[in-house]
Participant: 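Pasting in a structure now, in structure tokens, and then I'll have a few things to ask.
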Amino acid sequence: MAQLSPQSLLALDRAHVWHPYGPMPGTATPYVVESASGVRLRLAEPVAGHRELVDGMSSWWAAIHGYGHPVLDEAVRDQLGRMSHVMFGGLTHEPAVRLAATLVEITPEPLRHVFLADSGSVAVEVAMKMCLQYWQSVGRPAKRRLLTWRGGYHGDTFHPMSVCDPEGGMHQLWGGVLPRQLFAGEPPAGFDAPVDEAYATELADLIERHADELAAVIVEPVVQGAGGMRFHSPGYLRLLRRLCDEHGVLLVFDEIATGFGRTGELFAAGHAGVSPDVMCLGKALTGGYLTMAATLCTGEIADGISRGEVPVLAHGPTFMGNPLAAAVANASIGLLLGQDWQVGVKRVEAGLTAGLAPAAEVPGVADVRVLGGIGVVQLDHPVDMAAATAAAAREGVWLRPFRDLIYTMPPYVTGDEDLARIGAAVTAAAVAG
Ligand SMILES: *Cc1c(COP(=O)(O)O)cnc(C)c1O
């Protein structure tokens, strides 16, 4: 097949291809990526003199080991030699079974059962379905609403959208369509901040007052990602665990962004020392190679569902348990746990802390914060995305700012010099944006 020139590729792209959260036809010109290796994206044409950009985004927080990692490449090739896919209804295979067993082993104790889905949004759908079906099965069908706090993000399909932040999300557009969930205020900011008593009372009142109709509380633990890159105290997770136990409400942690070491603990629940009843994983699960997500639940939830009038979990994606994705997920988890990953994430944290410090002096910057492998510069105004992206590219770095946020979640393997570069690029983007 003939290769497209970058110009004709971009013309076809603009004419036919939707991009995330984009208009049609597209209005911004994306960079054409030819290949990726280590922490670098190789472009078809240079941007500001750079043919390669250091990836400050890990491809939306997934590529924790970088690109073209020999161990991960080999896992995919090896699995490809056996089979790339077979249906999961009536059949099973080692990559998926090993992955499920590993996830049960490395997540908090009461999580015992694994549903392998094909994207994070679907994993959240399945989590919600598990919770609603559990209460239905045990004779409490009125418990079918969810509670969350503002500022969250849980995916783009309809039920996950209903628990995304009502202002930052798409609620205005879908007011009449989305199920009406319950919202507490945003969790008070600051990983190290003490638990705010007034906010704790707000959570307690909401859960107590609505316990009869609440199936579950769903939150992103410690870090709210796409909803605003905000950090909160693990104390609120301990509080939610206690309140949910007291009032017979299930607790769901969406760890799709935070899982696999990103916040400095293997799972963010580890900062609080509590376990949810349901946990969602995705993004870094396959090291950014293939699309796969997982929903884990306790034995109690699975038993409840299985004792119900409809004793099955009625969900089964075509590509459930995909062997290629499962094989590379197994390899990625092995790679992570086979090294001193906590030291690696601490090194990234130190590099980002030093690299982002100058941004605090930039006029228009409201806050600079770092936790684990996450570095955030928040402006006091909406970012000029084109100007900020171009400024980062001039420094040789790929960043994708949004709203009032310029942030980075680099691969854990990013070297110290490249971390310094990312720091300079985030600062340059803050100046330009
Ligand atoms: C990205 C994300 C999702 C959605 O995952 P997709 O794979 O994009 O569907 C859900 N929850 C959180 C916390 C996420 O960061």
Side-chain angles (χ1 to χ4, degrees), residues 18-22 57-64 107 115-131 146 148-166 168-170 178 181 186-187 216-232 236-237 240 251-263 265 267-269 271 276 278-296 315 317-322 325-326 328-329 332 371-374 376 400 402-403 405 407-409:
W18 292 107
H19 282 266
Y21 311 102
M57 306 304 296
S58 301
S59 283
W60 270 338
W61 329 341
I64 54 176
T107 52
F115 188 100
L116 295 172
D118 34 18
S119 77
S121 300
V122 173
V124 173
E125 293 276 3
V126 169
M128 293 166 107
K129 190 183 273 193
M130 282 175 176
C131 293
L146 287 108
T148 185
W149 46 37
R150 287 174 187 266
Y153 175 81
H154 297 283
D156 292 340
T157 56
F158 274 87
H159 260 75
M161 261 202 302
S162 75
V163 286
C164 290
D165 186 74
M170 301 283 169
L178 295 179
Q181 314 292 17
E186 280 179 1
V217 171
I218 179 169
V219 296
E220 293 158 280
V222 177
V223 176
Q224 294 181 297
M229 309 303 297
R230 301 169 87 254
F231 310 154
H232 57 256
Y236 297 113
L237 306 173
L240 285 178
L251 181 59
V252 181
F253 283 171
D254 178 350
E255 295 240 17
I256 291 170
T258 51
F260 303 101
R262 183 53 74 176
T263 68
E265 290 281 336
F267 301 101
H271 289 291
V278 178
M279 182 185 273
C280 300
L281 300 172
K283 290 201 162 87
L285 172 62
T286 65
Y289 267 56
L290 285 157
T291 177
M292 179 173 264
T295 310
L296 287 87
H315 212 99
T318 306
F319 287 97
M320 187 167 181
N322 175 257
V328 74
S332 176
L371 180 69
I374 309 169
V376 184
R400 179 78 175 161
F402 71 105
R403 275 168 38 191
L405 299 160
Y407 75 98
T408 176
M409 289 207 197

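What you see is a predicted model; the values in this text were computed from it and never measured. Counting starts at 1 for both ligands and their atoms, in listed order.
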Participant: Quick one: does ligand 1 sit under 4.0 Å from the side chain of Glu255, the backbone, both or neither, non-hydrogen atoms only?
Facilitator: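 The answer is neither.
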Participant: Check this for me: Arg150, atom CZ, are more than 12 non-hydrogen atoms of other residues, nucleotides or ligands nearer than 6.0 Å?
Facilitator: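 Counting neighbours around CZ of Arg150, more than 12 heavy atoms of other residues, nucleotides or ligands fall under 6.0 Å, so yes.
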Participant: Can you tell me the protein heavy atom closest to atom 2 (C) of ligand 1 and the distance?
Facilitator: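 Minimum-distance protein heavy atom for atom 2 (C) of ligand 1 reads Lys283 NZ, 2.5 Å.
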Participant: Against Glu220, only a single residue in His232, His154, Arg230, Glu255 fulfils side-chain contact (heavy atoms from CB on, under 4.5 Å); can you say which?
Facilitator: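 Filter result, single survivor: His154.
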Participant: What atoms of ligand 1 come within less than 4.0 Å of a heavy atom belonging to Gly155?
Facilitator: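 Listed by number with element: 4 (C), 10 (C).
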Participant: Taking ring pair (Phe, Tyr, Trp, His ring centres under 6.0 Å) as the definition, give me every residue that meets it alongside His271, ordered by chain and number, with sequence neighbours left out.
Facilitator: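 Per chain and number, His271 pairs via ring pair (Phe, Tyr, Trp, His ring centres under 6.0 Å) with Phe191.
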Participant: Got a list of side-chain donor-acceptor pairs under 3.5 Å for residues 117-126, not counting sequence neighbours?
Facilitator:
residue : atom : partner : partner atom : Å
Ser119  : OG   : Val122  : N            : 3.4
Ser121  : OG   : Asp156  : N            : 3.2
Glu125  : OE2  : Thr157  : OG1          : 2.7

Participant: With heavy atoms under 4.0 Å as the rule, classify the contact between Glu220 and ligand 1 as side chain, backbone, both or neither.
Facilitator: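 Under 4.0 Å from ligand 1, Glu220 contributes side-chain atoms alone.
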Participant: Is the Phe402 to Tyr21 ring centre distance short of 6.0 Å?
Facilitator: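 For Phe402 and Tyr21, the ring centres are not under 6.0 Å apart.
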Participant: Just to check, does Trp61 reach to within less than 4.0 Å of ligand 1 when the distance is taken from its heavy atoms?
Facilitator: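 Distance cut 4.0 Å: Trp61 passes for ligand 1.
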Participant: Can you name the closest pair of heavy atoms from Leu178 and Phe158 and give their distance?
Facilitator: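 Answer, listing the atom of Leu178 first, then Phe158: CD2-O, 3.4 Å.
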Participant: Look only at interatomic distance and state if Gly120 has a nitrogen or oxygen under 3.5 Å from any nitrogen or oxygen of ligand 1.
Facilitator: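 Yes, at least one N or O pair falls under 3.5 Å.
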Participant: Is Asp254 close to ligand 1, meaning an N/O of one under 3.5 Å from an N/O of the other?
Facilitator: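 Asp254 vs ligand 1: N/O contact under 3.5 Å present.
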Participant: Which atoms of ligand 1 sit under 4.0 Å from any heavy atom of His154?
Facilitator: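 Listed by number with element, the hits are 10 (C), 11 (N).
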Participant: Hey, is the main chain of Ile218 close enough, under 3.5 Å, to the side chain of Thr148 for a donor-acceptor pair?
Facilitator: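 Yes; at least one donor-acceptor contact below 3.5 Å.
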Participant: How far is atom 8 (O) of ligand 1 from its nearest protein heavy atom, and which residue and atom is that?
Facilitator: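 Closest protein heavy atom to atom 8 (O) of ligand 1: Ser121 OG, 4.5 Å.
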